[in-house]
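Remarks on the structure that follows.
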Amino acid sequence: MNNLLPSRREVLLSSGGVLVAGSLKGTVDALSQEVTAAKNPHKDLMFRTTDPRNGEPELTKLVNSWQTPTELFYVRSHAPNPEIEVDQFRLSVEGLVRRPGTFSMADLMKMPSHLTTATLTCAGNRRSEYNSKEYQNVPKVSGVQWEAGTIGNATWEGCQLAAILKRVEVLENAKHVWFEGLDQIQKNSSIIGFGGSIPLEKALVDNGPGAPLLAHQMNGQPLTADHGFPLRMVVPGYIGARSVKWLGKIVVSDRPSPNHYVANAYKIVTKTDPLDWAESGPIYRFPINAAICTPKSGSRLSAGAIELTGYALPTGRSHSQIKDLMISADGGRGWTRGKLIGKKQDFCWQLWTANVQVNSKTTELLLRATDSSGGLMPARIPWNAKGYLRNSWYRLPVEVS
Ligand code: MTE
């Protein structure tokens with residue numbers, strides 16, 4: 001794959017992404033050859049569950065590079081990876097459109113291709129912290145007990161969703177675009193696909209790095225089975241749940257998808273009261289977040305200056321950049337400013353380092369950040385039943401002697 005694609009391309013720079021035009025003949029064959037490798041990916045992750053596959057990297061490895069290697073990119077799946085034959089694969093596009101249709105991988109690869117770098121993060125990132133002693137007299141939050149590793153920054157390549165929607169001609173009363181995955185999830189007594197949904201306005205973005213992509217490549221290689229082979233959505237700025245993997249169907253509608261993962265899950269709710277669920281809208285954009293990745297939680301440190309590294313993710317909107325990144329070693333009385341390092345790019349995380357003095361009284365390091373679009377990490381956030389969007393100050397316990 002690697003040696004096939006670049007030589008065939010005429011690469012043109014567009015705002016934020018790279019527009020690739022020209023003949024992509026042969027790439028579907030190359031994709032097929034990659035299937036065997038993609039079925040058995042080796043991942044350098046800590047798997048929280050293996051059936052389905054749910055794993056996150058050790059934080060100390062995560063921030064070695066701005067672009068996350070696929071091996072270290074978290075996996076969040078609700079069912080086993082479906083096995084999809086590229087030759088038989090068809091994406092159907094229907095609903096409130098003038099010309100519904102189906103697209104083979106060959107059709108999709110003939111469309112103008114875009115390359116964009118974007119961070120994906122799970123709404124459940126840092127969920128395990130909701131079960132800490134900070135929250136008293138509330139039910140335990142169930143679900144995969146994620147630490148802060150369900151985040152990664154990759155390059156994605158594919159055609160723009162806006163281009164597909166232009167082909168099928170969206171009708172005037174359309175307001176939302178639904179995505180459906182080909183995985184089969186056992187939910188109570190039925191089998192459902194994983195669904196996502198985004199507002200039409202976001203679906204139609206066709207300039208800059210915020211444009212949603214139908215991606216078939218990740219970090220310059222065909223998607224692995226874990227990451228949605230052969231085709232997935234990538235919706236920059238939105239929680240990972242909207243970037244549907246193993247994409248099989250797109251429906252244009254006048255309302256958000258009724259799929260369980262839009263209508264019920266991925267909402268901020270505090271009770272099991274159905275009214276609570278009905279009143280709460282789907283989560284779209286991700287909020288600001290940040291974590292300390294080195295040293296490890298619980299490290300024994302010597303008093304004096306220590307070096308910290310980590311990531312910070314600005315709110316998922318255009319031109320939002322990390323502004324202040326502050327660390328405290330004394331419970332929040334004094335704060336030291338961190339240094340932003342590496343690339344600064346829309347819809348991507350920002351890596352940082354900091355040099356902080358610790359002493360024998362230091363029991364934890366605190367991290368907070370703000371961004372240029374008004375996002376800020378609060379000291380505390382209220383508990384929610386599903387354990388989503390945990391973005392309060394990051395607290396790293398340490399021992400200092
Ligand atoms: N798409 C399908 N079809 N099935 C899934 O289980 N999980 C979603 C999303 N897309 C999911 C899916 C969630 S919750 C997240 S956070 C991202 O995929 C994770 O993408 P990754 O596994 O490539 O990191």
Side-chain angles (χ1 to χ4, degrees), residues 38 41 43-57 62 68-84 89 91 118-127 143-144 146-156 158 178-187 191-198 212-219 221-250 257 259-262 264-267 282-286 289 313 316 349 386-390:
K43 300 284 290 189
D44 195 3
L45 301 179
M46 300 180 290
F47 275 91
R48 307 285 177 212
T49 68
T50 49
D51 184 19
R53 285 163 68 79
N54 283 300
E56 64 184 310
L62 183 59
T68 311
T70 306
E71 297 292 292
L72 285 174
F73 204 99
Y74 77 98
V75 174
R76 173 54 177 129
S77 297
H78 291 75
N81 296 344
E83 294 196 6
I84 300 167
F89 173 85
L91 169 73
T119 296
L120 288 192
T121 186
C122 187
N125 196 34
R126 301 178 56 192
R127 174 181 286 137
V144 185
W146 297 116
E147 294 178 6
T150 56
I151 184 166
N153 190 53
T155 61
W156 309 97
W178 309 351
F179 311 120
E180 213 170 286
L182 294 167
D183 43 348
Q184 302 201 311
I185 306 165
Q186 179 84 46
K187 201 90 214 127
I191 303 271
I192 60 169
F194 185 91
S197 186
I198 63 172
L213 289 189
L214 277 68
H216 54 81
Q217 301 263 320
M218 174 182 186
N219 291 335
Q221 297 286 331
L223 293 170
T224 60
D226 278 335
H227 295 295
F229 180 87
L231 189 72
R232 76 173 299 164
M233 283 307 307
V234 171
V235 185
Y238 280 16
I239 57 164
R242 308 307 172 216
S243 290
V244 171
K245 304 192 278 190
W246 312 292
L247 182 68
K249 196 197 270 188
I250 295 179
S257 166
N259 181 278
H260 169 78
Y261 296 96
V262 179
N264 302 315
Y266 298 103
K267 288 184 165 184
I283 307 167
Y284 294 117
R285 209 179 270 153
F286 51 68
N289 211 338
L313 179 70
W349 70 5
K386 305 282 283 183
Y388 292 138
L389 306 187
R390 167 83 186 181

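Keep in mind that what you see is a predicted model, and the values were worked out from it rather than measured. As the structure lists them, so they are numbered: ligands from 1, and atoms in each ligand from 1.
For atom 6 (O) of ligand 1, the nearest non-hydrogen atom of the protein is His78 ND1, 2.7 Å. Remark: minimum distance from atom 16 (S) of ligand 1 to any protein heavy atom is reached at Tyr74 OH, 3.3 Å. At the shortest separation from atom 1 (N) of ligand 1 among protein heavy atoms lies Lys245 N, 2.8 Å. What sits closest to atom 7 (N) of ligand 1 on the protein, heavy atoms only, is Arg76 O, 3.1 Å. Protein heavy atom nearest atom 14 (S) of ligand 1, with residue, atom name and distance: Tyr266 OH, 3.0 Å. At the shortest separation from atom 20 (O) of ligand 1 among protein heavy atoms lies Arg232 NH2, 3.2 Å. At the shortest separation from atom 17 (C) of ligand 1 among protein heavy atoms lies Gly240 O, 3.5 Å. With respect to atom 2 (C) of ligand 1, the closest heavy atom belonging to the protein is Asp183 OD2, 3.3 Å.
Contact annotation: Met218 has no heavy atom less than 4.0 Å from any atom of ligand 1. Not a single heavy atom of Tyr261 sits under 4.0 Å from any atom of ligand 1.
Here the CG atom belonging to Leu223 is positioned 10.0 Å from the NZ atom belonging to Lys245, to the nearest 0.5 angstrom. Atom OH of Tyr238 is separated from atom CZ of Phe286 by 11.0 Å, given to the nearest 0.5 angstrom. With rounding to the nearest 0.5 Å, the separation of CD1 in Ile239 from OG1 in Thr150 is 11.0 Å.
The shortest distance between side-chain heavy atoms of Lys249 and Phe179 does not fall below 4.5 Å. Residues Val244 and Glu180 form no side-chain contact, since every pair of their non-hydrogen atoms from C-beta on lies 4.5 Å or further apart.
Residues Leu72 and Asp44 approach most closely at CD2-O, 3.5 Å, considering heavy atoms. Across all non-hydrogen atoms, the minimal contact from Arg242 to Val235 is O-CG2, 3.6 Å. For the residue pair Leu120 and Arg232, the shortest heavy atom distance occurs at CD1-NH2, 3.5 Å.
Contact atoms of ligand 1 toward His227: 21 (P), 22 (O), 23 (O), 24 (O) (distance under 4.0 Å to a heavy atom of the residue). Shown in contact with Val244 at under 4.0 Å from a heavy atom are these atoms of ligand 1, numbered in order with element: 1 (N), 3 (N), 10 (N). For ligand 1 and Val75, the ligand atoms under 4.0 Å from any heavy atom of the residue are 22 (O). Counting atoms of ligand 1 from 1 in the listed order, those under 4.0 Å from a heavy atom of Ser243 are 9 (C), 10 (N), 18 (O). For ligand 1 and Phe73, the ligand atoms under 4.0 Å from any heavy atom of the residue are 24 (O). Residue Cys122 approaches ligand 1 through these ligand atoms, each under 4.0 Å from one of its heavy atoms: 16 (S). Residue Ser77 has at least one heavy-atom neighbour below 4.0 Å for each of these atoms of ligand 1: 6 (O).
Partner Asn219 forms a side chain to side chain donor-acceptor pair (under 3.5 Å) with one of Thr68, Thr70, Thr224 and no other, that one being Thr70.
Between Tyr261 and Tyr266, the angle of the ring planes lies from 30° to 60°, which puts this pair in the tilted group. Between Phe73 and Trp156, the two ring planes are perpendicular [angle over 60°; tilted spans 30° to 60°].
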